[in-house]
> 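Okay, here's the structure, questions in a sec.
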There are 2 protein chains.
Amino acid sequence: MSKTNDRPKARTDTRGEETRRRLIEAGLDVFGLYSFEGATTRMLADRAGVNLAAIPYYFDGKEGLYRVVVEHVAAGIGERMLPAVERIDAVLANDELSHGQLLDLLHGLLERFAAMLIGSKEPEKWARIIIREQMQPTEAFDILYRSPMRLILDRCAVLVGRLLGRPADDPDILIRAFTLLGQILVFRMAREAALRTLGCHQFDDSHVAAIQAVVREQTERLFASDPGGGS
Amino acid sequence: MSKTNDRPKARTDTRGEETRRRLIEAGLDVFGLYSFEGATTRMLADRAGVNLAAIPYYFDGKEGLYRVVVEHVAAGIGERMLPAVERIDAVLANDELSHGQLLDLLHGLLERFAAMLIGSKEPEKWARIIIREQMQPTEAFDILYRSPMRLILDRCAVLVGRLLGRPADDPDILIRAFTLLGQILVFRMAREAALRTLGCHQFDDSHVAAIQAVVREQTERLFASDPGGGS
DNA sequence: GTCTATAGTCGGATAGAC
DNA sequence: GTCTATCCGACTATAGAC
């Protein structure tokens, strides 16, 4: 019989790469569900369908795998938010913007944030890892904070600052930016309570749309105060 | 020498009660810091200054202690929010209220919520336990949801509903209530990120006041839309 | 009621065959 | 590169002395 493992022409180390990939995938699930301490190497290896010994071999132990998983999360969030962030940066670089233009950028950022956080499937796993790092930051928190969190928070603060005519590093402006994001984050962070209250088992597109609509309307109200300056 | 353990007149089981109390106190710290799985009976017993075997003896095991700790958390939150909640219930029972009165009640609720969640010391421990239950609800989640969470959320929804002239169980109203609470919750849930962004190591009274001021102003704005109806 | 000692289980990491 | 077998440490719970 012709064996099926005639080496694929592309590369000989595909096997190892595949093992790495599957362990990271498993790490997203398992670390998210059971936390770093709660996760066992046996769970990780079983879920990945690889051998237990592959963890110390490829990642220098459970801790090393965790770090790589967190980096994966940071990269995933960055990827999803990048379009909105780049658009903001591009427009902000220009010149003095109208109230409406700034508000549009803010709407876009928050909408994208909500879509990513509440709607998509992958962030479900990401969120749990992030929340745990918020409660009990390990050295991996830096990875999350410096890249994807600041990415979003900074832009939010800049926009709020411009809308209110104050610098983006004013503590009051930072607090306002946080509350804006908090309106959305709560549906992820207090997810179980939100689901029970709304009487459903998971958020679908219509829920996301409803939340986005509320946030948009409320954001509009919060910054619609320029006297007499309607649309 | 007169022995010191001549039985105290009040009760003979004081010793056991003390042990129970100390284990619950230790559970608040340790379960919050390390989660249920991460906490070990040794940590719990050491922190409580009692013997390891006291845990299965008094609480029927680690799991039983956890349940009692969660009940303790629920009771603590209920206690702290009760004044604001009772005031709301008393006033709402009356009759048709003015926009300003409803808004005052909402301000009171949110202010108290912020004070409890961000300012006080104990909720620091409570919050971690609650957040973990949100992510990975155990049977203990019911205890938290049915008593202290609904306590606050229901009142918030009722007030928002009355302010907007819609029923409190309208999904849109529930979403709005959630976003209001989210503005505050974010400082607890994304605490580490908030602290880093504001450049401090913990929230003090001035931070709490600043957050309360922002929330108050924004809430005012969100519901100040009744046309022509100034204060 | 409280403690010490221990049983029984499961954790992560490694050695060495394939 | 991957697997099996195994070590060693840490965990929860219990038994029985005090």
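Values reported hereafter were calculated over all heavy atoms of this structure, with side chains retained and with hydrogens, waters and symmetry mates removed. This one's a predicted model, so the numbers in the text were calculated from it and none came from an experiment. Note on naming: letters A, B, ... go to the chains in the order of the sequence lines (proteins, then strands), and numbering restarts at 1 for each one.
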> Who are the side chain to side chain contact (heavy atoms under 4.5 Å, CB included) partners of R87(B), not counting sequence neighbours?
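With neighbours one apart ignored, the set is L105(B).
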
> May I have the distance from E37(B) (atom CD) to dA10(D) (atom C1'), rounded to whole angstrom?
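Distance check: E37(B) CD to dA10(D) C1' gives 16 Å.
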
> Could you note down all residue pairs passing side-chain hydrogen bond (donor to acceptor under 3.5 Å, both in side chains) where residues 182-194 of chain B supplies at least one of them, sequence neighbours left out?
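Only E124(B)-R191(B) qualify under side-chain hydrogen bond (donor to acceptor under 3.5 Å, both in side chains).
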
> Are the side chain of R155(A) and the backbone N or O of D89(A) linked by a donor-acceptor pair below 3.5 Å?
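No.
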
> Could you tell me whether the side chain of R132(B) and the main chain of G32(B) form a donor-acceptor pair under 3.5 Å?
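Present.
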
> Whole Å only: how far is the OH atom of Y34(A) from the C1' atom of dC10(C)?
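After rounding, the gap between these two atoms is 16 Å.
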
> For L23(B) and dA13(D), give me the distance from atom CG to atom P, rounded to whole Å.
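Taking CG of L23(B) and P of dA13(D), I get 13 Å after rounding.
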
> Could you tell me the separation between the CZ atom of R22(B) and the P atom of dG1(C), rounded to a whole number of Å?
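It works out to 16 Å between those atoms.
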
> Can you tell me how far C1' of dT6(D) sits from CZ of R42(A), to the nearest Å?
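Checked: the CZ to C1' distance equals 11 Å.
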
> For A39(A), report the nucleic acid contact type (base, sugar-phosphate, nothing); a contact means any heavy atom under 4.0 Å.
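Sugar-phosphate contact only - A39(A) comes under 4.0 Å of backbone atoms but never of a base.
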
> Please check this pair: side chain of E37(A) against backbone of E37(B), looking for a donor-acceptor N/O pair closer than 3.5 Å.
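The answer is no, because no donor-acceptor pair under 3.5 Å joins these two groups.
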
> Does a side-chain N or O from T19(B) land closer than 4.0 Å to OP1 or OP2 of dT2(C), or not?
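Yes.
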
> Which whole-number value in Å describes the distance from F36(A) CZ to dG12(C) C1'?
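It is 10 Å, rounded to the nearest whole Å.
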
> For DNA chain C, which residues of residues 50-67 of chain B approach it to below 4.0 angstrom with any heavy atom?
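Output list: N51(B), A53(B), Y57(B), Y58(B).
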
> Mind checking whether F203(B) and H207(B) have parallel, tilted or perpendicular rings, split at 30° and 60°?
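Perpendicular: the ring planes of F203(B) and H207(B) meet at over 60°.
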
